[in-house]
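The block underneath contains the structure these notes are about, expressed in structure tokens.
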Amino acid sequence: MSSDFEAYEQDFGTLTAEITNKIGRIPKLAGEEKTQLVLNVDKQLEEVRELLEQMDLEIREIPIQSRGMYNSRLKSYKQEMEKLEKDFKRSRIAYSDEVRNELLGDGASSSESQRAHLLDNTERLERSSRRLEAGYQIAVETEQVGQEILTNLHIDREKIQRSRDRLRETDANLGKSSRILTGMLRRIIQNRILVFILGAILLLTIVLAIYFNLRGQ
């Protein structure tokens, strides 16, 4: 896994060096040539973002005890990426002295003021965008936590329901057993009464037989 991460680092270094060089050339160009170079840099920046995502995925596969070093390196690369993006935005609205004079002539000082104003607005938009992204990420994480809680509650509810069903089944079985035992006890008592009655009748019969036998003598 670390070898893949290092390969991504090499690609990152190569791409960022090319982007830095091209960003420095953008203010010196104008017209179609500048537009094409801006599009090329924009495409390479997207490739760098994909590399950072791949690095992040690779770090997740590295054992926890070894992640600290790689996380620090990735953090520095992300900071470098942020600086490149800021430099790129500045370069898109910047012109070298030669190009500015060629395009504006006597209006160069006014253009410089407008450029500063545009740059300030761009930075404000970037800050607002980052806040929105952070808010969206928090909302997504909150939704995930809420979904996990709902899932756990549903699982707990099913467990409680199954426990109740088992209790009802056990109670029904106990009721059935109680009725069976009551019936058996009733039959035992009836049998004992019957035996007692039969015994009394037999005893009475014997006594009467003895009595009539003695009387007949």
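Quick note: numbers below take in every heavy atom, side chains included, and nothing from hydrogens, waters or symmetry partners.
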Indicate the ring-plane relationship of Tyr77 and Phe12, choosing parallel, tilted or perpendicular according to the 30° and 60° boundaries. tilted
Taking atom CD of Glu169 and atom CG of Asp165, what is their separation to the nearest 0.5 Å? 8.5 Å
Around Arg164, counting heavy atoms of other residues, nucleotides and ligands shown, do more than 12 lie under 6.0 Å from its CZ? no
One should read off an interatomic distance between Asn40 CG and Lys22 NZ, to the nearest 0.5 angstrom, of 3.5 Å
Decide yes or no for Gln79 and Lys83: does some side-chain heavy atom of the first lie under 4.5 Å from some side-chain heavy atom of the second? no
Roughly how far, to the nearest 0.5 Å, is CG of Leu84 from NZ of Lys89? 11.0 Å
Salt bridge (Lys or Arg N to Asp or Glu O under 4.0 Å) against Glu33, all qualifying residues, sequence neighbours excluded: none
Heavy atoms, side chains only, cut-off 4.5 Å: are Glu61 and Leu57 in contact? no
Co-membership, hydrophobic cluster, residues Leu52 and Met69, 4.5 Å side-chain: yes
Indicate yes or no for a side-chain donor-acceptor contact from Ser66 to the backbone of Ile62 under 3.5 Å, with no hydrogens or angles considered. no
Short question: side chain of Lys43, backbone of Val38 - any donor-acceptor pair under 3.5 Å? no
For Gly175, is there any backbone N or O sitting under 3.5 Å from a side-chain donor or acceptor partner on Ser178? no
Check the side chains of Gln36 and Glu32 for a donor-acceptor pair under 3.5 angstrom, ignoring hydrogens and angles. yes
Residue pair Leu181 / Leu185, side-chain heavy-atom distance below 4.5 Å: no
With side chains defined as the heavy atoms from C-beta onward, is the minimum distance between Lys34 and Lys28 less than 4.5 Å? no
Any sub-3.5 Å donor-acceptor pair from Asn191's side-chain atoms to Arg187's backbone N or O? yes
